[in-house]
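Everything below concerns the one structure shown next.
Below, read A as the first sequence line, B as the second, and so on, with proteins coming before strands; counting in each chain starts at 1.
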Amino acid sequence: MRTGPKQNESQKQSDSAGPAPESPHRFKFGPRHRILRRADFQLTYGEGRRAHGRFVAVFCRRRARDEPGGEFWRLGITATRKSGNAVRRNRQRRLVREYFRLNQHWLPGGCDFVVNTRSGLSTASLAELAKDLDRVMQRFGFRPPAGPNAESKTPAEIEAPSEGPDKGQKARKAQ
RNA sequence: AGAGUGGGCCGGGCGAUUGCCGGCGGGGCGGGCUUCGGCGCGCGCCCGCUGGAGGAAAGUCCGAGCACCACAGGGCACGAUGCUUCCUAACGGGAAGGCGGGGCGACCCGACGGAAAGUGCAACAGAAAAGAUACCGCCGAUGGCCCGCAAGGGCACAGGUAAGGUUGAAAUGGUGAGGUAAGAGCUCACCGGCGUCGUGGCGACACGGCGGCCUGGCAAACCCCAUCGGGUGCAAGGCCAAAUAGGGAACGAUGCGGCGGCCCGCCGCGCUAUAGUUCCGGGUAGGCUGCUCGAGCCGGAUGGCGACGUCCGGCCCAGAUGAAUGAUCGCCCCGGCGCCUCGGUUCACGCCGCAGCGCCGGACAAGACUCGGCUUACAGGCCCACUCUAUUU
RNA sequence: GCGCGUGUAGCACAACGGUUAGUGCUUCGGCCUUCCAAGCCGAAGAUACGGGUUCGAUUCCCGUCACGCGCU
C-alpha cells in the first residue's frame, strides 16, 4: 500500500535526483480528472460495475472511444447528506481525492469512477482508506504496483505497472 | 481565598513536502487580421508572485437591499406585532426608562394594550361558578302561634342575615373598631382598587387632594383597538446559443426572344415545385452575466447616560458551481492521567511543588446574491467592572 | 438552495382544554380443543424533547430535534 509519507519520500528522492518539472510523474489533479456533468454520473451509475469497501462504494465504467475525456481516468465523488454534516462530507471528499491523486499513475485511463462515501470515512485516516480502496480496485482487476516496498519506487517502477490496468481491462472484458 | 453576576475578546502557532480555486505577469500552443514591423484574441498547458471560510459561515425565525410580475383610490378578509421614549435603511432587533415578579446582593426574568362593545368557557366538588342563591348555621327585633294574670318565656311559620362552616384553582375587597335581634361599607380608620382634579415627567408612570363603594377570572378562547404588511425569489432576472424537429422569409439555379448603343430594368416564353443555399424568429443541452466596493473594514476626533450619529484619514478583504481553501509529517502550546527523579514537610505512611518521559485529548462547525438582527451549538483560554462570604492587616 | 407539512403503545389510526389518553392488529398468560386455528377472559405497552399560558395541555404559544413532501 502507498500511504502519504511513503509517497513523500519517493517524491523527495525524485526531487533530489533532478528538477525535471516536465516529468509526467508529478501528482497533479486538475479538472481533466473530474467528472463534471450530471449525465456522466448517471451513465456511471447505470452502466458501471459496482464494488463495496468498508468506507466507500465505487462505480466504475469504461468510456467509449468517441466520448470526450481523452486518455485520462475521471473521478466523481458523492457524499450524501446521510453521511454527515458539511464538515464531515468535505473531509470524506478530500480523503478520496487524495487517494486518487497519489495513485493516479497506475490507475487505468479511459475509465470513469464514482465514489459514494459512507459515514465511517469521516473519522478514518488516509492509510485506512488507502487499504480499503486498494482492495476495491483489485476487485475491478486493477492491481496496485508491487506491494509494501513502494518506497523504493522510481519513475520507471511507477511507469511499469501502468500496463497492469490494461491486462485488468482485458480480463474484465473476457468475463 | 472561595462562591457568583454582567460585559468584551480569542477560537491553536511555526515549519517542510505536495495539491486545489481565483487574480496579475511571463512563456508555450492554437487559430485571426496585417502596410510583414506587428496587433489584438483564446487555452480544463507550464512557471513566478499574490489572495483564499465563521463566531456562529448553521437553523432559515424576522427585517431590508436588489430583480421580475401585478397594481386608480378606498374598504373587507388574512397574517404579524402589542408598557413608554429613543436608535436604525428597516425590524418581531437594540438602548435608556416605567411597572410587576425573583435573588441577601451584584443583577436577572416578563406576548406587559382592552374583560365598562359583544359572544363564549370553567370538568369534578360545592348551597352557589356570574346580575345570585341560602345547604349546615345565626337571629327571629317586627308579624304569627303556644304558655302565663303579668313581667316574661317558648316554637322557628312568615321573615331577616351572609359574620362563621363546607367545596374549589377561583366565592362579590382585607384588617380592626363601632353598630345590631343577628348581621352587613351600615358607619369610621388604615390598606387595596376605581373615578376625578392638581403637581412632576416628552411619555409609560409617580406623588398628593377629593368622591363614592360602583364593575371576579380566562383574550398564547372568538374578538375589539392601534400600527405594519402586494406577490415571488439570484434556481430572481438579463445575454449568447450547438445538435435535432417544427415555423417564417428570401435568394439563386438560368436560358431564349423583344425594347435598348451597353448595363440595370421591364415585358413575353420556357425550366425547377421538391431539394439546395442563405437569413430571421422562438428555443433545449450548454455557456456567459447577475457576482462582489458594501447601510464595507480599520484608526482617530467629536456629540450623546446609551443604542448610535457626524467628520477626517487609510484600506480593498473568497467568488466556487458534481462545487476550491486540502493531505501527510515534525516541533511548540494548553489540559488530563500514569511513571520516575529531585526538593520541602513528616519518625514513617503520605501530602505539596518543579522538571523530565510516556499515553490520551484539543470543541461546535464550513460560504452558495449581499447585508442588519434573532435563535441554537461550542473544548479551552484571556481581559475589565461589580456582588456576597471568610480570613489577615 | 428555497417553500410546505407531520410527530400518540411494536404497527395503523382516534381523542369540544377536563376522570385513570381510546380502537383494531401484534406480544404474553389463562380458558376451550386430542393438537392447531378461530373464539372468550385477562395483562403489558405511548402523547419526540425543552420551556411558557392556564386551576388543568395530546390539544394553545415559543424554541430544538427527527422524518416526509414539493420546486430545480
The side chain of [X] is closest to which nucleotide in this list: [options]?
| X | options | result |
| --- | --- | --- |
| A:Arg91 | B:U328, B:A365, B:C20 | B:U328 |
| A:Leu126 | B:G286, B:U328, B:G19 | B:U328 |
| A:Arg34 | B:C20, B:U325, B:G19 | B:C20 |

Exercise. Closest heavy-atom contact between A:Phe55 and A:Ala124?
Worked result: CZ-CB, 3.8 Å

Exercise. Any idea which heavy atoms bring A:Arg89 and A:Thr80 closest together, and the distance?
Worked result: CD-O, 3.2 Å

Any strand: nucleotide that pairs with [N] via Watson-Crick or wobble, under 3.5 Å:
| N | result |
| --- | --- |
| C:C40 | C:G30 |
| B:G65 | B:C369 |
| C:U47 | none |
| C:U59 | none |
| B:C315 | B:G296 |
| B:C190 | B:G174 |
| B:A1 | B:U389 |
| B:A156 | none |

Phosphate oxygens OP1/OP2 of [N]: is one of them under 4.0 Å from a side-chain N or O of [X]?
| X | N | answer |
| --- | --- | --- |
| A:Lys28 | B:C20 | yes |
| A:Arg32 | B:C43 | no |
| A:Arg94 | B:A324 | no |

Name the orientation of the base relative to the sugar in [N]: syn if the glycosidic angle is within 90° of 0, else anti.
| N | value |
| --- | --- |
| B:C91 | anti |
| B:G185 | syn |
| B:G55 | syn |
| B:G75 | anti |
| B:A53 | syn |

For nucleotides [N] and [M], find the distance between their [atom1] atoms and express it as a whole number of Å.
| N | M | atom1 | result |
| --- | --- | --- | --- |
| B:U376 | B:C66 | C1' | 29 Å |
| B:C61 | C:U64 | C1' | 12 Å |
| B:G2 | B:G103 | P | 28 Å |
| B:G216 | B:A77 | C1' | 35 Å |
| B:G25 | B:C39 | P | 15 Å |
| B:C371 | B:A318 | P | 11 Å |
| B:A363 | B:G55 | C1' | 13 Å |
| B:A96 | B:U88 | C1' | 15 Å |

Once you round it to whole Å, what is the distance between [atom2] of [N] and [atom1] of [X]?
| X | N | atom1 | atom2 | value |
| --- | --- | --- | --- | --- |
| A:Ile77 | B:G19 | CD1 | P | 18 Å |
| A:Leu102 | B:U328 | CG | P | 10 Å |
| A:Arg97 | B:U18 | CZ | P | 18 Å |
| A:Leu95 | B:G19 | CG | P | 18 Å |
| A:Phe100 | B:C20 | CZ | P | 17 Å |
| A:Arg89 | B:A366 | CZ | P | 8 Å |
| A:Asp40 | B:A285 | CG | C1' | 13 Å |
| A:Gln92 | B:A327 | CD | P | 13 Å |

Exercise. If you take atom types as modelled and just measure distance, does the side chain of A:Asn85 reach the base of B:A365 with a donor-acceptor pair under 3.5 Å?
Worked result: no

Exercise. What about A:Arg38: does its side chain form a donor-acceptor pair under 3.5 Å with the base of B:G322?
Worked result: yes

Donor-acceptor pair, side chain of [X] and main chain of [Y], under 3.5 angstrom:
| X | Y | value |
| --- | --- | --- |
| A:Arg93 | A:Thr117 | no |
| A:Gln92 | A:Ser83 | yes |
| A:Arg62 | A:Gly109 | yes |
| A:Gln104 | A:Arg101 | yes |

Exercise. Starting at the 5' end of RNA chain B, which residue's closest nucleotide do you reach first, A:Asn90 or A:Glu98?
Worked result: A:Glu98

For this session: Could you check A:Ser125 against A:Pro31 and say which one's nearest nucleotide on RNA chain B is further toward the 5' end?
Result: A:Pro31

Considering every strand and a 4.0 Å limit on heavy-atom distances, what is the contact class for [X]: base, sugar-phosphate, or nothing?
| X | value |
| --- | --- |
| A:Thr78 | base |
| A:Leu36 | base |
| A:Arg93 | sugar-phosphate |

Exercise. Between A:Glu98 and A:Leu129, does a side-chain contact (heavy atoms from CB on, under 4.5 Å) hold up when you go through it step by step?
Worked result: CA-CA 10 Å; A:Glu98 188 70 2; A:Leu129 172 67; over 6 Å; no

Exercise. Would you say A:Phe41 stacks on B:G322, if stacking means ring centres under 5.5 Å apart and planes within less than 30 degrees?
Worked result: yes

Problem set entry | Candidate pair A:Asp132 and A:Tyr99, rule side chain to side chain donor-acceptor pair (under 3.5 Å), full reasoning | CA-CA 11 Å; A:Asp132 195 41; A:Tyr99 173 88; over 6 Å; no

Exercise. Taking C-beta and beyond as the side chain, do A:Phe100 and A:His33 meet within less than 4.5 Å on heavy atoms?
Worked result: no

